[in-house]
Each structure stands twice: as structure tokens, then as C-alpha cells.
Amino acid sequence: MRTAIKSKTNKTDNEISTITLTYKKSAQAKKTLDFILSLGIFSIPKKRSPIDEGLDDIRNGRVYTISNPANIIEECLQ
């Protein structure tokens, strides 16, 4: 089993770590992961759909409109 750990500290000085595990599929590995998750210390981030990400972009103003398609390059560079 190979483990890669990346750490970063957020503004509240709580340490947040991302752990990526690579393993061969087996019953023992599944039971081990289930046990680790049952402790309540770790969580698996939920993947968001592209539609939800696009709706968040719209809500947060990260969408740009172009008034003249002929001048698309100039408007994008502004």
C-alpha cells in the first residue's frame, strides 16, 4: 500500500491534510477502509456534478457575457 500525504494550514491554524491511498482491491482493504471511516475522524469529499459547479459559477458572478461575437478576442482580453 502506498500513501501520499499533502498538508496545508488554513487561517484558523487547524491543520487540514489530504491523504490519498493506493491499494489492491481485496476484502481486507475494504474492511480496513470501512473501519477507518467508521471512526468519524475522516471523511470522503463528495464529488459535485458539472451542472452544480456551473450553477455556482453563475451565483458567484464568474460568468462573462460578450456583446459582440466579432470582437470576442478583444473583449476577453479586457
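Put simply, I72 and V63 are part of two different groups of oily side chains (I, L, V, M, F, W, Y) that touch within less than 4.5 Å, one to the next.
Scanning for side-chain hydrogen bond (donor to acceptor under 3.5 Å, both in side chains) contacts around D57 gives R62, with sequence neighbours left out.
A distance of 10.0 Å separates CD1 in I41 from CD1 in I36, rounded to the nearest 0.5 Å.
Residues E53 and R48 share a closest heavy-atom pair of OE2-O, 3.8 Å. Between T32 and Q28 the shortest heavy-atom distance is OG1-O, 2.8 Å. Closest non-hydrogen pair, L33 versus Y23, comes out as CD1-OH, 3.0 Å.
The environment of L39 atom CG is dense: over 12 non-hydrogen atoms of other residues, nucleotides or ligands sit within 6.0 angstrom.
Contact check on R59 versus D56 returns a salt bridge, with a Lys/Arg side-chain nitrogen under 4.0 Å from an Asp/Glu carboxylate oxygen.
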